[in-house]
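Beneath this line is the structure, given in structure tokens, with notes to follow.
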Amino acid sequence: MSRAAIVGGGVIGGGWAARFALMGWDVAVFDPSPDAREALDAVMARARRALPGLYDRALGDEGRVTLHDDMAQALQGAEWIQESAPEDLKLKQGLIARIEEHAAPSAIIASSTSGFRPSQLRDGARNPDRIVVAHPFNPVYLLPLVELVTEDGPFATRAAEILREIGMDPLHLTTEIDAHVADRLLESIWREALWLVRDGIATTEQIDRAITHGFGLRWAQMGLFETYRMAGGTGGMTDFLKQFAPALAWPWSRLTDVPEMDDALATRIGALSDAQAGGRTVAELEETRDDNLVGILRALRHADWGVGKHLKEHENSRGAPPIDWSRPIVTADRVVPLDWTDFNGHMTESRYLLAFADATERLMEFIGCDDAYIAAGRSFFTAETHIRHVSEIHAGHRFRIETQALQSEGAKLHVFQRMLEGDRLLATGEHFLLHVSLETRRPAPPTGALASGMARLAEGHRGLPYPEGAGRAVGQRP
Ligand SMILES: NC(=O)C1=CN([C@@H]2O[C@H](COP(=O)(O)OP(=O)(O)OC[C@H]3O[C@@H](n4cnc5c(N)ncnc54)[C@H](O)[C@@H]3O)[C@@H](O)[C@H]2O)C=CC1
Ligand SMILES: C[N+](C)(C)CC(=O)CC(=O)[O-]
């Protein structure tokens, strides 16, 4: 079992702990604060609620998370050490010096610092090469981006591998700069926003709306440059620059100045922000944020785009169990995502069809009807579906689908699927699919690998008992 240590278990350290643990790593957290246990448990609970549902496959066993008040004990056996103490250079340098004393020689020492450069953190270090910046984004357990700031070399390669293993997307920067890249961008907009409040031009709510109802939506799926390329019309970036370059000389920004955060400004921002929160606690806001992020990330996953593509690639890199063709095939093993529940607090009706349809697609892939086969002009269309809802399931709960072929011959694929939580039957789905030519949109015989895949499935399932509940219709008399 791989092992990580986290030094400082607050908002960010807790997020790292949760991500490592949910990806199967044992995690030891060192934090001297008496409140550390409560804070860590709260982040773990939030992460357990949100992260597993991003994936269409179960993440597997969670690692063990332990909390320590002795640093040496926490660092024992750790291959990754994430320093996540408050943003104070002297404190971080002192901690890193202590970490170096106890860490295994091959361990990577990463800092979550939002703005310090690796050379500042390495000051006086014995083995500076292994000290890197790994700057994440809050909530660390949901957002994949991490700025990895360090020179090329074996530690950088290993660090990027580990970050990818836990589902992060390392943006490797070999040139160091205060506040790295992403925080530079954030800081510029943050400083501009502070001016707008200070000068009485906009409230905190208005500024946030300017982001969330407009360009914030764009930025989740395409960045600044790709977005502006389209803003240039068919002439692309060249035309965009022609039109908007003169504006750079106009007073459209106050970035060269920084407003002084005096008591009056701090109090005003505090009051506006309180009014904007409308009485919702930070924990309530965090829950809403996580629900929304899961929805957005899953939408991008469905579109196979940007960060959604990254999620899928991470899922695929984790491998899949081998298929036993002599039994009903496990075509889904996953948890109910947050956005699959309804006003009754359980998985909503339409998602059963989605889950069964996804499972059928997995079966199609297993037997040879994969992307390449479909691109060549043949596929399956579903002709009939019957779903029985047997018992309920809630968000975050793990379920699997077992798919049995009742017929797999010629153009006909007739399957019966059982959805289970452990041994408890949740639902059954029966589906009749026809293999078609995508050119004529009419039934056609399967070819090549799919023809043999269907035969293999038919052969494997021939001797299985006819499943209870198959062939049923809605039997209620009018
Ligand atoms: N909060 C944010 O949005 C982000 C913060 N960061 C960076 O992450 C780091 C941590 O920030 P947060 O988690 O927000 O702070 P935080 O205040 O929530 O957590 C810091 C934790 O460090 C602990 N701590 C204090 N002194 C310590 C010591 N000597 N040894 C071990 N633990 C100690 C505290 O008890 C606390 O639990 C900072 O460098 C920050 O710049 C990075 C990305 C985003
Ligand atoms: C405000 N901040 C500098 C701590 C922000 C970050 O470092 C990244 C984030 O999560 O916004």
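For ligands, and for the atoms within them, numbers begin at 1 and follow the listed sequence.
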> So does Asp291 pair up with Arg49, basic N to acidic O under 4.0 Å?
Replying inline: yes

> Are Arg362 and Asp358 close enough for a salt bridge, meaning some N to O gap below 4.0 Å?
Replying inline: no

Under the 3.5 angstrom rule, does the side chain of [X] hit a backbone N or O of [Y] as a donor-acceptor pair?
X	Y	answer
Arg117	Val149	no
Thr348	Arg351	no
Glu187	Ala179	no

>> With rounding to the nearest 0.5 angstrom, report the OH to CE distance, Tyr141 to Met44.
In response: 10.5 Å

> Is the shortest distance from atom 13 (O) of ligand 1 to a protein heavy atom below 4.0 Å?
Replying inline: yes

> Are there protein heavy-atom neighbours of atom 1 (C) of ligand 2 below 4.0 Å?
Replying inline: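 No, because not a single protein heavy atom sits under 4.0 Å from atom 1 (C) of ligand 2.
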
> For atom 10 (C) of ligand 1, which of Gly14, Ser84, Gly115 has the closest heavy atom?
Replying inline: Ser84

>> Quick test of your reading of the structure: of Leu89, Asp31, Asp88, whose heavy atom lies closest to atom 23 (C) of ligand 1?
In response: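 When every heavy atom of Leu89, Asp31, Asp88 is considered, Asp31 comes closest to atom 23 (C) of ligand 1.
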
List the closest protein heavy-atom neighbour of [atom]: residue, atom name, distance to the nearest 0.1 Å.
atom	value
atom 4 (C) of ligand 2	Ser114 OG, 3.4 Å
atom 7 (C) of ligand 1	Ser112 O, 3.3 Å
atom 10 (O) of ligand 2	Asn138 N, 3.0 Å
atom 33 (C) of ligand 1	Pro32 CD, 3.8 Å
atom 19 (O) of ligand 1	Gly10 CA, 3.3 Å
atom 6 (N) of ligand 1	Ser114 OG, 3.3 Å
atom 18 (O) of ligand 1	Val11 N, 3.0 Å
atom 9 (C) of ligand 1	Ala85 O, 3.3 Å
atom 11 (O) of ligand 1	Ile12 CG1, 4.2 Å
atom 25 (C) of ligand 1	Pro86 CD, 3.5 Å

Can you list the ligand 1 atoms lying under 4.0 Å from a non-hydrogen atom of [X]?
X	answer
Leu91	29 (N)
Lys92	38 (C), 39 (O)
Pro136	43 (C)
Gly8	22 (O), 23 (C), 31 (C), 32 (N)
His135	42 (C), 43 (C)
Ser33	35 (O)

[X], [atom1] atom: more than 12 neighbouring heavy atoms under 6.0 Å:
X	atom1	result
Asp69	CG	no
Arg122	CZ	yes
Glu161	CD	yes
Phe240	CZ	yes
Asp262	CG	yes

> Asp169 pairs by side chain to side chain contact (heavy atoms under 4.5 Å, CB included) with which of Arg164, His310, His314, Glu313?
Replying inline: His310

>> Heavy atoms only, cut-off 4.0 Å: how does His135 contact ligand 2, side chain, backbone, both, or neither?
In response: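 Looking at His135 and ligand 2, just side chain atoms fall under 4.0 Å.
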
> What about Leu95: any of its N or O atoms under 3.5 Å from an N or O on ligand 1?
Replying inline: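 Not met; the criterion fails.
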
>> Would Glu87 count as a polar contact of ligand 1, with the cut-off being nitrogen or oxygen pairs under 3.5 Å?
In response: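 So ligand 1 has an N or O lying under 3.5 Å from an N or O of Glu87.
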
Do [X] and [Y] pair up side chain to side chain, a donor and an acceptor below 3.5 Å, judged on atom types alone?
X	Y	value
Gln73	His68	yes
Ser112	Gln82	yes
Gln417	Thr360	yes

Under 4.0 Å from a heavy atom of [X]: give me the atoms of ligand 2 that qualify, with their elements.
X	answer
Leu186	11 (O)
Phe137	8 (C), 9 (C), 10 (O)
Asp183	3 (C), 5 (C), 6 (C), 7 (O), 8 (C)

> Do the ring planes of Trp340 and Phe399 sit parallel (below 30°), tilted (30 to 60°) or perpendicular (above 60°)?
Replying inline: tilted

> Can you find a non-hydrogen atom of Val140 under 4.0 Å from ligand 1?
Replying inline: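 Distance cut 4.0 Å: Val140 fails for ligand 1.
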
> Which bit of Met71 is near ligand 1, meaning a heavy atom under 4.0 Å away: side chain, backbone, both or neither?
Replying inline: neither

